[in-house]
Colleague: 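First the structure, which I've put down as structure tokens, then a few questions once you've had a look.
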Amino acid sequence: MRILVTVKFVPDLQSQRSFTDGAVTRTGDDGTMNELDENAVEAALQLREAAGEGEVYALTVGGDDAVAAVRKALQLGVDHALHVADASVAGSDVFGTAKVLAAAVRKVHDEAPLDLVITGMAALDGLTSMLPTALAAELDWSQLTLASGLTIDGATATVVRNLPDAHETVSAPLPAVVSVTDEANTPRYPNFKLIMAARSKPVTTWTLEDLGVDAATVGAAAARTVVVDASPRPPRENRTVVTDTGEGGAALADFLIERGLA
Amino acid sequence: MSTVAVLVESRDGSVTQPTFEALTLARTLGTPVAVWIGAAPAPAEAARLGIHGAEEVRVVDAGDAARLPAAAAAALGAATADADVVLVISTFVNKEIVTRLALATGAGVVVDASDAEMVDGHVETLQTVFAATWNVRTRIATDKAIVGIRPNTTQASPGETPGAATLVEVAADLPETRELVTGVEPVPAPDGVPLAEAPVVVSGGRGTNGDYTLVRELAELLGGAVGASRDATDEGWISHEHMVGQTGTTVTPALYVACGISGAVHHRGGMQASGTIVAVNIDPDAPIFEIADFGVVGDLGDVIPQAIARIKEVRGS
């Protein structure tokens with residue numbers, strides 16, 4: 001079983017997140033691996049462990065700081081870390097990012113065939129959820145997205161998709177791109193031994209040239225969408241918090257009635 | 001005048017409220033046409049689309065294949081070849097469909113938008129990001145634009161000159177897909193208005209200890225839907241369909257009532273853009289109070305019944 005997991009470097013959810021020049025501010029100080037990618041790493045590790053053999057790659061795209069995302073994946077137990085670091089990638093939209101990721105996946109796949117690419121269901125900074133589909137289309141592999149369950153039987157992958165109107169079961173031949181939801185599993189915590197081992201594991205760094213990607217087809221210049229303005233929302237004004245001493249419920253009701261909400 | 005195609009969402013054959021909201025928004029961008037994927041709609045439903053401004057209802061009967069994003073994208077693409085703008089409701093499934101459509105057409109895409117307008121011949125959208133703490137305006141630079149719009153962000157209204165809503169059948173050349181849907185287990189429709197579309201949401205979290213009686217009673221009184229925190233769905237107290245949060249349902253009701261919910265960032269991301277936020281929690285340090293317009297520090301079992309009684313009393317007088 002050979003699996004590649006894509007991981008994204010994002011600002012920590014608990015940090016003061018912001019925009020700089022139309023792009024999400026990402027720094028090593030408060031950046032980390034996207035939390036929902038932990039489910040993707042966990043799914044890959046569980047498949048490797050169940051198979052009793054195999055290799056798991058973690059792949060990220062981004063500036064120098066983004067290496068933190070694959071380092072986190074190493075701490076969780078993946079075997080190899082890959083980092084596409086190239087200034088030309090900055091400002092890419094989802095389609096540019098998918099193109100770069102697909103080129104890196106193909107490079108690994110050409111050395112020895114991969115069975116799966118596993119991603120998280122969304123990145124908690126952008127949350128568009130479009131990347132897994134774009135990556136499957138770029139690779140022209142099977143698309144099994146939003147999986148809350150994943151099983152492999154021979155050369156076929158089967159997932160369960162819990163959609164609002166129906167729970168679907170979908171099967172497709174390998175290789176496949178699978179995105180897993182946060183219902184799929186409970187991610188493990190890195191243990192001390194793995195954290196120590198991760199320190200000495202190498203991270204392979206690639207440029208767009210290494211991947212044969214024309215820099216003009218990605219990055220800000222090729223992006224189909226442009227952020228023209230980003231600003232913090234003003235905090236809510238006139239907030240009231242009361243402590244219930246026997247009249248709290250009535251006060252709540254009166255507030256709703258005054259605002260015409262009850 | 002631009003042609004603006006709106007992908008219709010329906011439930012048991014009836015057009016959903018977010019579709020009418022999208023048609024209302026579409027009228028401000030150009031000439032709306034509705035795209036219906038599935039067997040032809042009942043005449044009454046087509047008429048309702050017309051009342052909200054759809055000049056045409058384009059029907060693509062793609063059969064069961066439309067469950068797969070690649071097939072649905074081909075069906076949508078066949079019906080929107082002439083469209084300058086394609087509007088869809090921003091659901092997880094539609095995001096997959098429009099990604100495929102964008103790759104096929106070269107269109108630029110923004111999803112989770114709360115508004116869209118034409119500026120100098122280009123579509124610009126508004127979104128909230130980072131758990132609704134930032135506003136972002138995005139320009140779609142391509143000639144063709146695809147926008148995923150969130151429910152409850154436009155007030156639906158009938159058009160001034162209702163469209164004729166002519167039914168037009170569109171044939172689609174569906175691609176061969178590797179994926180095969182081998183099982184479909186329908187989720188029963190919620191009682192009352194669905195969570196994402198509800199004008200009022202009353203949610204319960206850990207503080208309910210699994211008892212949703214009061215939450216449901218208040219929701220019913222206010223004409224709202226019942227939501228829950230991740231804690232509550234993880235405990236199995238209530239099904240996943242009720243989860244409000246970044247990986248569940250994102251809601252923007254006029255009123256959000258958080259009962260016994262601490263307000264972790266994952267939850268806030270799914271509700272922080274709501275109109276008015278009210279919170280009841282026993283813990284005065286719960287982060288939910290930082291974003292609540294009105295908060296009560298107290299026991300749900302005391303506060304909610306008293307609030308219900310008071311509202312009934314005022315309504316009755």
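Every chain is numbered from 1 and lettered A, B, ... according to where its sequence line falls, protein lines coming before strand lines.
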Colleague: How would you list all residue pairs meeting side-chain hydrogen bond (donor to acceptor under 3.5 Å, both in side chains) that involve residues 89-101 of chain A, not counting sequence neighbours?
Modeller: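 As it turns out, there is no side-chain hydrogen bond (donor to acceptor under 3.5 Å, both in side chains) pair with a partner in residues 89-101 of chain A once direct neighbours are skipped.
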Colleague: Given heavy-atom pairs under 4.5 angstrom as the criterion, report whether the side chain, backbone, both or neither of A/Asp165 touches chain B.
Modeller: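 Both parts, backbone and side chain.
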Colleague: Applying a heavy-atom distance below 4.5 Å, give me the residues of residues 254-262 of chain A that approach chain B, sorted by number.
Modeller: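 Heavy-atom contacts from residues 254-262 of chain A to chain B are A/Asp254, A/Phe255, A/Leu256, A/Ile257, A/Arg259, A/Leu261, A/Ala262.
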Colleague: Taking every non-hydrogen pair under 4.5 Å, which of B/Ile291, B/Thr233, B/Asp302 racks up the most with chain A?
Modeller: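 Most heavy-atom pairs within the cutoff with chain A belong to B/Ile291.
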Colleague: Quick one: what part of A/Thr243 sits under 4.5 Å from any heavy atom of chain B, side chain, backbone, both or neither?
Modeller: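 Backbone plus side chain of A/Thr243, per the 4.5 Å heavy-atom cut-off to chain B.
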Colleague: If we define contacts as heavy-atom pairs under 4.5 Å, which of B/Gly295, B/Gly298, B/Ala254 has the most with chain A?
Modeller: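 The residue among B/Gly295, B/Gly298, B/Ala254 with the greatest pair count is B/Gly295.
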Colleague: Where on A/Pro164 is there a heavy atom nearer than 4.5 Å to chain B: the side chain, the backbone, both, or neither?
Modeller: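 The backbone, not the side chain.
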Colleague: Answer with side chain, backbone, both or neither: which region of B/Ala102 has an atom nearer than 4.5 Å to a non-hydrogen atom of chain A?
Modeller: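 Both parts, backbone and side chain.
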Colleague: Do A/Asn39 and A/Asp182 get their side chains close enough for a donor-acceptor pair, meaning under 3.5 Å?
Modeller: no
Colleague: Does a side-chain N-to-carboxylate-O contact under 4.0 Å join A/Glu247 and B/Arg310?
Modeller: no
Colleague: Based on non-hydrogen pairs under 4.5 Å, which of B/Val280, B/Val200, B/Ile97, B/Val278 is most in contact with chain A?
Modeller: B/Val278
Colleague: Within 45 degrees of the ring normal and closer than 6.0 Å to the centroid, is that where the cationic atom of A/Arg239 sits relative to B/Phe289?
Modeller: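 No cation-pi geometry.
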Colleague: If you measure from the Lys or Arg side-chain nitrogens to the Asp or Glu carboxylate oxygens, is any gap between B/Lys95 and B/Asp112 under 4.0 Å?
Modeller: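 Result for this pair is yes, salt bridge flagged.
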Colleague: Please identify, among B/Val184, B/Thr125, B/Leu221, B/Thr182, the residue contributing the most non-hydrogen atom pairs under 4.5 Å to chain A.
Modeller: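 Ranked by heavy-atom pairs under 4.5 Å with chain A, first place is B/Thr182.
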Colleague: Between the side chains of B/Arg178 and A/Gln143, does any donor sit under 3.5 Å from an acceptor?
Modeller: no
Colleague: Side chain, backbone, both or neither: which part of A/Ala251 has a non-hydrogen atom closer than 4.5 Å to chain B?
Modeller: both
Colleague: Between the side chains of B/Arg137 and B/Glu117, is the shortest nitrogen-to-carboxylate-oxygen separation below 4.0 Å, so that they form an ion pair?
Modeller: yes
Colleague: Could you tell me whether B/Glu179 and B/Arg67 have a side-chain N and a carboxylate O separated by less than 4.0 Å?
Modeller: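 Not counted as a salt bridge, because no side-chain N and carboxylate O are separated by less than 4.0 Å.
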Colleague: When heavy-atom pairs shorter than 4.5 Å are enumerated against chain A, which of B/Leu195, B/Ile140, B/Leu180 gives the highest number?
Modeller: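 Max contact count across the listed options: B/Leu180.
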